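Notes for the one structure printed next.
Note that the structure is predicted; figures quoted are calculated from it, not measured. Throughout, a chain's letter reflects where its sequence line sits, starting with A, and its residues are numbered from 1.
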Protein chains: 2
Amino acid sequence: MLTISRETDYAARVILHLALQPTGSRSTARQIAELRIIPRALVRRIVTRLATAGLITTARGGDGGITLARPPTEITLLEVVEALEGPVALNICTVEPNICPLMPACTVHEAWVDIRDTLRANLARITFAALAQKGGASSPDTTAR
Amino acid sequence: MLTISRETDYAARVILHLALQPTGSRSTARQIAELRIIPRALVRRIVTRLATAGLITTARGGDGGITLARPPTEITLLEVVEALEGPVALNICTVEPNICPLMPACTVHEAWVDIRDTLRANLARITFAALAQKGGASSPDTTAR
DNA sequence: TTATAATGATACCAGATCGGTATCAATCAA
DNA sequence: TTGATTGATACCGATCTGGTATCATTATAA
């Protein structure tokens, strides 16, 4: 199945959660895990990767926690995906053309590149500000039940 | 890395090769493996999958071989990808919404579905007739060297 | 009838990835 | 000092990946 990993899906939930919090406030990994229904230890790992990608800022210690590093208007789905998955390649030949023995002559290559490019563009078009606006709720249970 | 498997790339080469042959002529797995630089045994496996997907027709025996089941104008990249990869899901939630505990309320879901749909549409837009036309050569070495 | 060449169907393998868990150290506020 | 947090690893079983190998089946041609 051509799909992102579950970890990437979780990462999107994490960023969305943060985007829904009041600006500047911190959330803890524990809170996010419970509210967004993600295994706690996985949130830790995801937070690490999002932090090294520069999407979030973390603070250790007693009153520590996690915050978006930028306003949600400037964080896109593409960034989250690539932070977790690495490049959106679609086919490896778009990233490492040398790996393909047919390469300079391959006519499929162009197609992979084109489709990959518009896929990336579409992922980049979605900001977490837009996603946050859609669902008014600040946590999944606020409206339900 | 978000990418198709190598087997899927190979499958596209196989179909492209067949699309470049004179209509109705048969190619053998061995020929395709050599000309398109794919491990022979892998071609066998790929041919099986493409055949059960209805994209190619196979004939056993002495003069056996492989042919496109339809004209190349009616075979798209999407079909090849889905024959090998299964559904183009982008995120599993687009295929099995029940798996996601956040589901009816998740605002990212729509985005995944939309982007997935246009990805599929773009893959479906590419026919192997178009790919065959681009590269005039009927085999990779015809022009080179 | 026999030999040969092709596909069909499996089974197997080593290595990588995936989803998840666990542990211990470092940091900071109270 | 205590407790709550993140950082960094290490580990686990299960599955996927890319590739190989084997034997049966089918059909042509000599």
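Annotation for R13(B) and P101(A): closest pair NH2-CD, 4.1 Å, computed over non-hydrogen atoms. Counting all heavy atoms, side chain and backbone alike, A69(B) lies closest to G54(B) at CB-O, 3.4 Å.
Residue contacts shown for A51(A) are absent, as no nucleic acid heavy atom lies under 4.0 Å away. In this structure, R40(A) reaches neither bases nor backbone, as no heavy-atom distance under 4.0 Å exists between it and the strands shown.
Per the geometry, CD1 belonging to I46(A) stands 13 Å off P belonging to dC18(C), to the nearest Å. For the pair R6(B) CZ and dT17(D) P, the computed distance is 13 Å after rounding to whole Å. In this structure, CG of L18(A) is placed 11 Å from P of dT6(D), rounded to the nearest angstrom. Atom pair R45(B):CZ and dT20(D):C1' shows a separation of 9 Å (rounding to whole Å applied). A straight line from CZ of R44(A) to P of dA4(D) spans 14 Å, rounded to a whole angstrom. In this structure, R26(A) places its CZ atom 16 Å from P of dT27(C), rounding to the nearest Å. Separating the CZ atom of R49(B) from the P atom of dG19(D) is a distance of 15 Å, rounded to the nearest angstrom. With rounding to whole Å, I99(A) atom CD1 is found 10 Å from dG18(D) atom P.
With values rounded to the nearest 0.5 angstrom, I32(B) atom CD1 is found 13.5 Å from I37(B) atom CD1.
OP1 or OP2 of dA6(C) sits under 4.0 Å from a side-chain N or O of R30(B). In this model, the phosphate group of dG19(D) is approached by a side-chain N or O of Y10(B) to a distance below 4.0 Å at OP1 or OP2. At the phosphate of dA6(C), neither OP1 nor OP2 sits under 4.0 Å from any side-chain N or O atom of T58(B). Phosphate proximity of dT6(D) to T28(A): absent, as no side-chain N or O sits under 4.0 Å from OP1 or OP2.
The salt bridge (Lys or Arg N to Asp or Glu O under 4.0 Å) test applied to E110(B) returns K134(A), not counting sequence neighbours. Qualifying salt bridge (Lys or Arg N to Asp or Glu O under 4.0 Å) partners for E96(B), counting only residues two or more places apart in sequence or in other chains: none. Residues that satisfy the salt bridge (Lys or Arg N to Asp or Glu O under 4.0 Å) test with R30(A), not counting sequence neighbours, are absent from this structure.
Both M1(A) and Q31(A) sit near DNA chain D, but only Q31(A) has its closest nucleotide nearer the 5' end.
Judged by distance alone, with hydrogens and angles left aside, the side-chain atoms of S27(A) form no donor-acceptor pair with the main-chain N or O of I66(A) at under 3.5 Å.
Between F128(A) and T73(A), the closest side-chain pair of non-hydrogen atoms is not below 4.5 Å.
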Stepwise salt bridge (Lys or Arg N to Asp or Glu O under 4.0 Å) test for E7(A) and R45(A):
CA-CA 9 Å; E7(A) 221 168 311; R45(A) 203 156 68 186; 3.5 Å; yes
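Side-chain atoms of T48(A) lie closest to dA8(D) of the nucleotides dA9(C), dA8(D), dT21(C). Minimum atom distance to the side chain of L42(A) is reached by dG19(C), of the listed dT20(D), dT6(D), dG19(C).
For DNA chain D, none of the residues of residues 82-92 of chain B falls under the heavy-atom distance limit of 4.0 Å. Across residues 59-66 of chain A, R60(A), G61(A), G62(A), D63(A) each have a non-hydrogen atom less than 4.0 Å from an atom of DNA chain C (numbered order).
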Which pairs would a plain distance check flag for residues 74-85 of chain A, meaning a side-chain donor or acceptor within less than 3.5 Å of a matching protein atom at least two apart in sequence or in another chain?
residue	atom	partner	partner atom	Å
T76(A)	OG1	L78(A)	N	3.4
T76(A)	OG1	E79(A)	N	3.3
E79(A)	OE1	T76(A)	N	3.0
E79(A)	OE2	R70(A)	NH1	3.0
E79(A)	OE2	R70(A)	NH2	2.9
E82(A)	OE1	R120(A)	NH2	3.1
E82(A)	OE2	V88(A)	N	3.1
E82(A)	OE2	R120(A)	NE	3.1
E82(A)	OE2	R120(A)	NH2	3.4
E85(A)	OE2	S5(A)	N	2.6
E85(A)	OE2	S5(A)	OG	3.1
E85(A)	OE2	T8(A)	OG1	2.6

